[in-house]
Number of protein chains: 2
Amino acid sequence: MQSAMELYVERGFEQTTAAEIAERAGVTERTFFRYFADKREVLFGGASELQRIVLEAIEAAPTEASPVDAVLAGMFAGAERIGGNRDWSCQRAALLAANPSLMERELLKLSALGEAAADALRLRGVAALPARLAAHTGVSVFSIGFDTWVGADPPGDFAECIRMALAELRELTAAS
Amino acid sequence: MQSAMELYVERGFEQTTAAEIAERAGVTERTFFRYFADKREVLFGGASELQRIVLEAIEAAPTEASPVDAVLAGMFAGAERIGGNRDWSCQRAALLAANPSLMERELLKLSALGEAAADALRLRGVAALPARLAAHTGVSVFSIGFDTWVGADPPGDFAECIRMALAELRELTAAS
DNA sequence: GTTCTGATGTCAGCAACTGACATGGATGTC
DNA sequence: GACATCCATGTCAGTTGCTGACATCAGAAC
């Protein structure tokens, strides 16, 4: 993972071959593909852990919490996990922004996170449609908050960026 | 596009080679790749037209419409374009659901649609953050409405499914 | 009639990925 | 201590997605 990140930053994602990553890591190309399904997946090692944290927080939310609040609890828990190393997040975000194929993978992971969160809501007794709506709305706020956080002069830490997006969203829905 | 769709349905996306699509269409593999950037793109020919329709409807929305309402006008215009042939939409949705790599591409297109819609909102004077939030929320409602529409026993046409999702979302935000 | 252009074919080649089999070192068992 | 087992890795050959360079050829323009 470290070798790949270095090479992607040094010479770009498409200009880096799997063989080169493997060589820098001291293994064969075949071994690389035993650990990562494809060249992109190497940047998404933390996705499953993030999902686990989010889901656990949703489950742990108070029973009386609304679907949206439960999802938000999950998102804040996820933000706490990521919010530590902003530099790494910025570097990674720049890579994704420059490579549509990496962005595709990111969007797939976020969508999967949304579906998993919707499942968690259903376990709390929420119906299918509102569960998906609440979950994906939460992921949107998470994602847009993330963009704010890794952008120029963020208003605070990751959680604060999420709160900011959330406040904007509430204002928007009130105005409509 | 027709040859590809047939083959993808007949034997699956991954089991179909670009050479086979080309052969059925009566051209060479090289010619196939001159028209489509990759094997997936052949299923997304209508994306640019859909985006154009959505953006035009956002621009055409009354000046006093709220950001959310303007985006929704765009989504309903898009729904009108797609809502005609449900059979084709179902077939395509089944393909996407069965192939993560196709779903990735779909999510990228939807995300791009959201960003374009956000740009359209900014042209109406909306600030960056609320523009993105309203746009992506609109796309979420569009997308989840689409899933309802191509699912088992939808409550009406595509537009009606969007209205249903929208009503649910309003209820959720009111409850939070 | 010539020229020019645009679509297509041909061919060689790279890189992503995969399956099948070999190897070698660590671990456990008698 | 010899032996069996297992797991990670290496090796190798092959398929497929995709690209660049050049050839061809039919029709439009002049």
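Just so we're on the same page: letters track the sequence lines, and every chain starts at 1.
Protein atom CD of A:E29 is 12 Å distant from nucleotide atom P of D:dG10, rounded to whole Å. Remark: P of D:dT19 and CD of A:Q15 are 13 Å apart, rounded to the nearest angstrom. Taking atom CG of A:D38 as the reference point, atom C1' of D:dG17 lies 14 Å away to the nearest angstrom. Here D:dA13 presents its P atom at 19 Å from CZ of A:F33, a figure rounded to the nearest Å.
A:F36 comes within 4.0 angstrom of nothing in the nucleic acid, heavy atoms only. When heavy atoms are screened at a 4.0 angstrom cut-off, B:A37 is found touching the sugar-phosphate backbone but no base atom. Looking at heavy-atom distances under 4.0 Å, A:S101 makes no contact with the nucleic acid at all.
In terms of phosphate contacts, B:Y35 brings no side-chain nitrogen or oxygen within less than 4.0 Å of OP1 or OP2 of C:dA7. Neither OP1 nor OP2 of D:dT16 sits under 4.0 Å from any side-chain N or O of B:T17.
With hydrogens and angles ignored, a donor-acceptor pair closer than 3.5 Å exists between the side chain of A:R30 and the base of C:dG19. Not a single donor-acceptor contact under 3.5 angstrom links the side-chain atoms of B:R34 to the base of C:dG6.
Using the six-membered ring where Trp is involved, A:F146 and A:F158 have ring planes that are perpendicular, over 60° apart on the 30 and 60° scheme.
The closest side-chain heavy-atom distance from A:R92 to A:L95 is not below 4.5 Å.
Closest contact between the side chain of B:T28 and the listed nucleotides C:dC17, C:dT10, D:dG17 involves C:dT10.
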